[in-house]
Amino acid sequence: QVQLVESGGGLVQAGGSLRLSCAASGRTFSNYAMGWFRQAPGKEREFVGRISWSGGSTYYADSVKGRFTISRDNAKNTVYLQMNSLKPEDTAVYYCAAAGTYFGGSYQNEYDYWGQGTQVTVSS
């Protein structure tokens with residue numbers, strides 16, 4: 001089992017920045033690719049980005065490319081989502097997830113473990 005706990009969400013004005021963290025415990029963190037997803041009110045959960053085991057490979061949804069950056073610190077069992085130039089449409093609950101593969105993927109069913117989510121609200 002892998003337990004995931006997100007933190008760092010909050011209220012920010014459009015154009016601002018936030019950094020989300022996802023702390024993992026349980027099995028060896030460096031054996032899991034990590035992904036970030038988000039779910040806005042009334043919408044389905046959508047892929048935001050993912051990072052490979054080593055951190056050497058990242059991939060982002062077009063909607064956040066160039067604004068969001070995922071990184072990980074395997075020594076701290078933590079993955080980060082740096083969000084810059086935030087827009088009101090980025091408002092959502094953000095979830096981190098762990099996949100027992102090297103790259104992870106863009107689909108929810110590719111991930112084995114999920115955090116409880118953290119709310120991000122971007123005001124206009």
Phe29 and Trp53, any side-chain heavy atoms less than 4.5 Å apart
no
Quick check: closest heavy atoms across Tyr59 and Ser106, and the distance to 0.1 Å?
CE2-OG, 3.8 Å
With hydrophobic residues grouped by side-chain heavy-atom distances under 4.5 Å, do Tyr95 and Val64 end up in a single group?
no
Is there a donor-acceptor contact under 3.5 Å from the side chain of Thr78 to the main chain of Lys76?
yes
Is a side-chain N or O of Thr28 found less than 3.5 angstrom from the main chain of Asn31, in a donor-acceptor match?
no
Quick check for you: to the nearest 0.5 Å, what is the distance between Ile51 atom CD1 and Tyr60 atom OH?
6.5 Å
Are Arg50 and Phe103 in a cation-pi setup, meaning NZ or CZ lies under 6.0 angstrom from the ring centre and within 45 degrees of the ring axis?
no
Looking at side-chain heavy atoms only, is the closest gap between Leu4 and Tyr32 below 4.5 Å?
no
Do Gln82 and Ser71 make a side-chain contact, defined as non-hydrogen atoms from C-beta onward lying under 4.5 Å apart?
no
At their closest point, which heavy atom of Ser17 faces which heavy atom of Asn84, and how far apart are they?
OG-OD1, 2.9 Å
Side-chain (Thr118) to main-chain (Gly9) donor-acceptor, under 3.5 angstrom:
yes
Mind checking whether Arg72 and Tyr80 have side chains closer than 4.5 Å, heavy atoms only?
no
Here the gap from Tyr94 atom OH to Leu18 atom CG, rounded to the nearest 0.5 Å, amounts to 9.0 Å
Within a radius of less than 6.0 Å around OH of Tyr107, do more than 12 heavy atoms belonging to other residues, nucleotides or ligands occur?
no
Mind listing the closest non-hydrogen atom pair of Ser85 and Asp90 along with its distance?
O-OD2, 4.4 Å
Do the side chains of Gln116 and Glu6 get nearer than 4.5 Å, heavy atoms only?
yes
Compute whether any side-chain donor of one residue and acceptor of the other, for Ser54 and Tyr102, lie under 3.5 angstrom apart.
yes
Give a yes or no on whether the backbone of Gly100 and the side-chain of Asp112 come within a donor-acceptor separation of less than 3.5 Å.
yes
Working note: Lys65 + Asp62, criterion salt bridge (Lys or Arg N to Asp or Glu O under 4.0 Å); need CA distance, chi angles, decisive distance, verdict.
CA-CA 5 Å; Lys65 200 173 296 182; Asp62 288 343; 3.1 Å; yes
In terms of hydrophobic clusters joined by side-chain contacts under 4.5 Å, are Met34 and Tyr111 together?
no
Please confirm whether the backbone N or O of Val122 pairs with a side-chain atom of Thr91, one donor and one acceptor, at under 3.5 Å?
yes
Same cluster for Phe68 and Val12 if Ile/Leu/Val/Met/Phe/Trp/Tyr side chains link at under 4.5 Å?
yes
Give the minimum heavy-atom separation between Phe47 and Gly105, together with the two atoms involved.
CE1-O, 3.3 Å
Just wondering, more than 12 heavy atoms not from Tyr113 lying within 6.0 Å of its OH?
yes
How many angstroms lie between OG in Ser30 and CG in Asp73, if you round to the nearest 0.5 Å?
11.5 Å
Between Ala14 and Ser124 the two heavy atoms that sit nearest each other are CB-CA, 4.4 Å
In Å, rounded to the nearest 0.5 Å, how long is the span from OG of Ser25 to CD of Gln3?
4.0 Å
Taking it one step at a time, do Phe37 and Trp114 satisfy ring-ring contact (aromatic ring centres under 6.0 Å, His included)?
CA-CA 10 Å; Phe37 290 76; Trp114 291 82; 5.0 Å; yes
State, to 0.1 Å, how close Ala99 and Gly104 come at their nearest heavy-atom pair, and which atoms those are.
CB-CA, 4.1 Å
Measuring from Arg38:CZ to Cys96:SG, what's the distance to the nearest 0.5 Å?
15.5 Å
Can you tell me how far the CE atom of Met83 sits from the CG atom of Leu20, to the nearest 0.5 Å?
3.5 Å
Could you pull out all residues at least two apart from Lys43 that satisfy salt bridge (Lys or Arg N to Asp or Glu O under 4.0 Å)?
none
